[in-house]
2 protein chains.
Amino acid sequence: MLTQTAIRAVPSRRSTVSTHGAPPASGPTDREAGALEQTMRLMGAMMSYSRNSEIFGENEPAEYLYKVVTGSVRTYKILSDGRRQIGGFYLPGDIFGLEFAAEHTFSAEAITDAKVLVVKRGALNAQANGSALLARELFTLTGHELRRVQDRMLLLVKSAQERVASFLLEMADRGSASNAVELPMSRQDIADYLGLTIETVSRTLTCLEGTAAIEVPTSRRIVLRNRSALSRLNS
Amino acid sequence: MLTQTAIRAVPSRRSTVSTHGAPPASGPTDREAGALEQTMRLMGAMMSYSRNSEIFGENEPAEYLYKVVTGSVRTYKILSDGRRQIGGFYLPGDIFGLEFAAEHTFSAEAITDAKVLVVKRGALNAQANGSALLARELFTLTGHELRRVQDRMLLLVKSAQERVASFLLEMADRGSASNAVELPMSRQDIADYLGLTIETVSRTLTCLEGTAAIEVPTSRRIVLRNRSALSRLNS
DNA sequence: CGACCATTTGATATGGATCAAGCGATGTGG
DNA sequence: CCACATCGCTTGATCCATATCAAATGGTCG
């Protein structure tokens, strides 16, 4: 039962800081521009991380809150037996690094080159003391995160087909407007997210393709052809 | 892969209300008596539920927050294929029913006859607007819940032995001071909690007994003989 | 005692892991 | 521009942990 996933060494070019007091044109993230959004833009620093570089490590003090601006991020944990469990994928607009203990429970890495808005937790809390709006937003955010993890929990007791189908539907809902999903992450990432092996993920995709539920023009691009078939698999 | 657990019909005697404006001697729950504790005692109603009766149902509006006073409670969800996934077990002092959507994600039932302190969410929120202390406590509570679910998530990708061992350690840490664990829940409950079958849970316990890691004097009573062996199994 | 229910134990089946090889893209050096 | 190494992905063969099916055991309550 050991080693589903060997620890993969991570060559890590260094990340770049580019602080800025003035808010930049902050890209595709402006949906609602809530209190949190504003605070982060005002008080945050923009950081650039290159593919596979570490953003923070498990057990490091959790001093910051992070928001993906461009690119994508994974959080993960290495289990004692060497397997890696991915906690979540974060796409532009998503917030990660939300912690309640003093230290991070997960590590975080850039999946692709990524720009991330970083704000000091302390500063944020200080603001939140003044702004009930901001406080409420942080609360809501936590609630969403809780819900997300609960859903993951339910996923992990289902069959491989169900897990993969759910994953595709989730990614489609989050990222793309259309039925085409552009996956930033590798098969290994998906496997570690779903608690499967890379072989099983691959086989399952092939199988779904056989059913005409999906198309896989390139390994990183997947087109949903039959959403209802996928949802049916899914709980 | 269908039917790990058939839906078990739940004969349900009715539950009893006994409101009281004045706080009663509220049993073994007084650890810290935080703002939340006080508010619940002041504004809450004490409800009695008999074994297996429903406290709230999935998709019902989430109007209340609940705190176990005596007895024990499970939250669960019936999956589309008929299996039941248990979200959590709640023992005296534990709070459940924490929701962020308007409706409950899980159902809740009394495992044993139980007394539960119930408070209106609206009333609580109103209080929280005045009391930063209370607000913070609710926030922390959510954080703990998040952590708990994350841990469960990690559990669900491990082997049967690891899951059962973790479960026993968790129950020992929460409930009893000593190494003897009194389980309020059935094997089926445990199985649905861990994402295993009742047979696997039973066999695993027998196996752990064989290793002298535990003793099982009666099916509902388990004595931890070798905690470190259990932790070693555990991630 | 007898019916019922929860639990354990046994025999067999199976989904997904593991081991192993093949295959296409991408990149590198000659 | 092409051989060649590398990497990520797919495909195939086999194994194993856990599910499933079935029966025995034991505890509880009328």
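The chains referred to below are lettered A, B, ... by the order of the sequence lines, with proteins before strands, and numbering in each begins at 1.
Ring pair Tyr66(B)/Phe56(B) is tilted by interplanar angle, where 30° to 60° counts as tilted. The aromatic rings of Phe89(B) and Tyr193(B) sit tilted relative to each other, their planes meeting at an angle between 30° and 60°.
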Distances under 3.5 Å between nitrogen or oxygen atoms of protein and nucleotides 4-8 of chain C:
from: dT7(C); atom 1: OP1; to: Arg187(B); atom 2: N; distance (Å): 3.4
from: dT7(C); atom 1: OP1; to: Arg220(B); atom 2: NE; distance (Å): 3.3
from: dT7(C); atom 1: OP2; to: Arg187(B); atom 2: N; distance (Å): 3.1
from: dT8(C); atom 1: OP1; to: Arg187(B); atom 2: NH2; distance (Å): 3.1
from: dT8(C); atom 1: OP2; to: Arg187(B); atom 2: NE; distance (Å): 2.8
from: dT8(C); atom 1: OP2; to: Ser202(B); atom 2: OG; distance (Å): 2.8
from: dT8(C); atom 1: O5'; to: Ser202(B); atom 2: OG; distance (Å): 3.0

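In this structure the side chain of Val69(B) never reaches within 4.5 angstrom of the side chain of Val116(B), judged on heavy atoms. The shortest distance between side-chain heavy atoms of Thr105(A) and Arg147(B) falls below 4.5 Å.
What separates CG of Leu183(A) from P of dG8(D) is a distance of 15 Å, to the nearest Å. Spacing between atom NZ of Lys158(A) and atom P of dA19(D) amounts to 17 Å, rounded to whole angstrom units. Rounded to whole angstrom, the span from the CZ atom of Arg83(A) across to the P atom of dA17(C) amounts to 10 Å. As a whole-Å value, the separation of Leu194(A) CG from dG15(C) C1' is 16 Å. The CG-C1' distance, from Leu196(A) to dT18(C), rounds to 14 Å in whole Å.
The pair Asp81(A)-Lys158(B) fails the salt-bridge criterion, with no side-chain N (NZ, NE, NH1 or NH2) lying under 4.0 Å from an Asp/Glu carboxylate O.
Heavy atoms only, all atoms of each residue included: Tyr90(B) and Glu145(B) are closest at OH-OE2, 3.0 Å.
The side chain of Thr197(A) contributes no N or O atom lying less than 4.0 Å from OP1 or OP2 of dG16(C).
Within the helix from dC1(C)-dG30(D) to dG30(C)-dC1(D), the inter-axis angle between the opening and closing five-pair segments is 30°, rounded to 10°.
Judged purely by distance below 3.5 Å, without hydrogens or angles, the side chains of Ser48(B) and Lys115(B) pair a donor atom with an acceptor atom.
Taken from CD1 in Ile190(A) to CZ in Arg74(A), the straight-line distance is 11.5 Å, to the nearest 0.5 Å.
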